[in-house]
Amino acid sequence: MEKKIWFVLNTRFPTEKAYGVTTGMTARAVNEISGFQSCVITPQRDLNEESPVESIEVKMPLGRVYNYLFQSRYFSKTAFVLWKFPYAMKVAIVIRKVSGVVWVRDVALAFLFRLFGFTTVCEIHRRTSMVPRLMLKWLGQQSRVTIVFITERLRATIGIQVKSYVIFGMAVDKRDLNNSSKGINFDNLVVGYLGSNHSSGNLLTLDSFINTASIALEKGWGINFQVVGISRKEIDSKYQNSMPPNIKFHGRVRRSEVFDLIDTFDIGTVVYPDTEYFQDSFPIKIAEYAARKILILASDTHAHRGILGDDKALYFDPQAPLGFLEEIEFIRENPDIAICVVENAFNWVKKSTYQARAASVLNSLQNGGNESSDFID
């Protein structure tokens, strides 16, 4: 009999947001492991999006009240926190007859499901506040619990003792690895940006990207710049009448179209500030660039250095007015170094697939002090 892995979200699914992509693709990878079957549980099933795996909708208790409060600018966070307990209870009732493992991305939900007696996996993507940290500390000492930290740095920052944990960040499907020889067109570089102009309410800026495009145009370098995920209308109005013509905006695209577009990039940029919020970030685009053999050019931050080290990306100083441009110049003048960096990143990401992610976590459940020693056949 196949063992059931329940991926429980308290947000909409499917979605092309990073949490939806990683959840859906990890769940699909679980299905590829003999003896396991996954299902995503969500309070809001989006019928306009195609799910990569089986998914079911378990609506929030008192849904009308929840939706009213959640849409309020004053009570949305309160509703999001308070409804976790009744939602977890409702989900537990639904899946109790089948049992299995509950896999969540929320400490409070993980705490509740373990109290209800479920074997539990809890992904940690950011440092926690005081109350969730206490819950996580308790979870870390329980049997039949595995904690997944997206980086070693995050695990060390949180600084609690955990009996069973896995370090595994963002990933790619093994089928998306570009095993062919892509190469870099150093004479006519395409510099690309993938993503939106905000992250969880934190605004991002493309100033360095746009300014570099303007200077490259003035120098007659023949470099093209592509932006995937942001439309020109979303860019700060100060650029509306001075946007350099060597930038093309594709706007938001469907997930199925992303790789076709970024495959035209020679250089993939990762432009985030070095603020406390982004120090915990692991942008999924890093893994995707590496998988498609696109040279990664990242802002020099603690997070990016921690993920990519010194050999899997090139870095620019986001505080230096010409830092971005100078690094592109370095790439053009040192093609051998650029090619070596691409290969290092590709060899790294080959081990960072959703299939490896799923296998690592399920093996950890078996070997991390589980009460059921035959969890994985």
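Heavy-atom basis, side chains included; hydrogens, waters and symmetry copies ignored. Residues: numbered from 1 along the sequence shown. On a predicted model such as this, the values are computed, not experimentally measured, just so you know.
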Query raised in the report: Do any pairs count as a side-chain hydrogen bond (donor to acceptor under 3.5 Å, both in side chains) and have a residue in residues 63-75, sequence neighbours left out, and if so which ones?
Result: none
Query - Contact check, side chains of L204 and Y193, non-hydrogen atoms, under 4.5 Å - result: yes
Report task. With rounding to the nearest 0.5 Å, note down the distance linking CD1 in I286 to CD1 in I307. Result -> 4.5 Å
**Report entry** Note: D173-R28 ion pair, threshold 4.0 Å (strictly below)
**Finding:** yes
Query raised in the report: Considering the options T26, T23, N31, which one meets the side-chain hydrogen bond (donor to acceptor under 3.5 Å, both in side chains) requirement together with S38?
Result: N31
**Report entry** Minimal non-hydrogen separation, V342 against I294, with atom names
**Finding:** CG2-C, 4.3 Å
Query raised in the report: For the hydrophobic clusters of this structure (ILVMFWY residues joined by side-chain heavy atoms under 4.5 Å, transitively), does one cluster hold both I167 and I150?
Result: yes
Query raised in the report: Just how far is it from atom CG of D280 to atom OG1 of T151, taken to the nearest 0.5 Å?
Result: 7.0 Å
**Report entry** Distance-minimising heavy-atom pair for F85 and L112
**Finding:** CD1-CD2, 3.3 Å
Requested in this report: May I ask you to say whether K4 pairs ionically with E54, meaning some side-chain N is under 4.0 Å from a carboxylate O?
Outcome: yes
Requested in this report: Look at the aromatic rings of F113 and F118 and report parallel, tilted or perpendicular, splitting at 30° and 60°.
Outcome: perpendicular
Query raised in the report: So, D317 side chain and G323 main chain: donor-acceptor pair closer than 3.5 Å or not?
Result: no
Report task. Taking the side chain as every heavy atom from C-beta outward, state whether I296 and L308 have any atom pair closer than 4.5 Å. Result -> yes
Requested in this report: Decide side chain to side chain donor-acceptor pair (under 3.5 Å) for Q44 and E57; before the verdict, give the C-alpha distance in whole Å, the side-chain angles of both, and the deciding distance to 0.1 Å.
Outcome: CA-CA 6 Å; Q44 184 182 351; E57 185 178 77; over 6 Å; no
Requested in this report: For residues 261-272, pull every pair meeting side-chain hydrogen bond (donor to acceptor under 3.5 Å, both in side chains), keeping only residues two or more places apart or in separate chains.
Outcome: D263-R292, Y272-K285
**Report entry** side chain to side chain donor-acceptor pair (under 3.5 Å) between T119 and R144, intermediate numbers included
**Finding:** CA-CA 5 Å; T119 299; R144 296 167 56 204; 2.9 Å; yes
Query - Shared hydrophobic cluster, F225 / F249 (ILVMFWY, side-chain heavy atoms < 4.5 Å) - result: yes
Report task. Output the distance between atom CG (L62) and atom OH (Y87), rounded to the nearest 0.5 Å. Result -> 14.5 Å
Report task. Would you kindly confirm whether V81 and L109 end up in one hydrophobic cluster when ILVMFWY residues are joined by side chain heavy atoms under 4.5 Å apart? Result -> no
Requested in this report: Assess whether side chain to side chain donor-acceptor pair (under 3.5 Å) is satisfied between T22 and R105, documenting all intermediate values.
Outcome: CA-CA 11 Å; T22 54; R105 295 168 56 101; 3.1 Å; yes
Query raised in the report: So which of V40, T146, V361, L9 actually passes side chain to side chain contact (heavy atoms under 4.5 Å, CB included) with W103?
Result: V361
Report task. Flag the pair I147 / E123 as yes when at least one side-chain heavy-atom distance between them is below 4.5 Å, and no otherwise. Result -> no
Report task. Look at the aromatic rings of F70 and F80 and report parallel, tilted or perpendicular, splitting at 30° and 60°. Result -> tilted
Query raised in the report: Which distance, rounded to the nearest 0.5 Å, do you find between the CH2 of W6 and the OG1 of T120?
Result: 14.0 Å
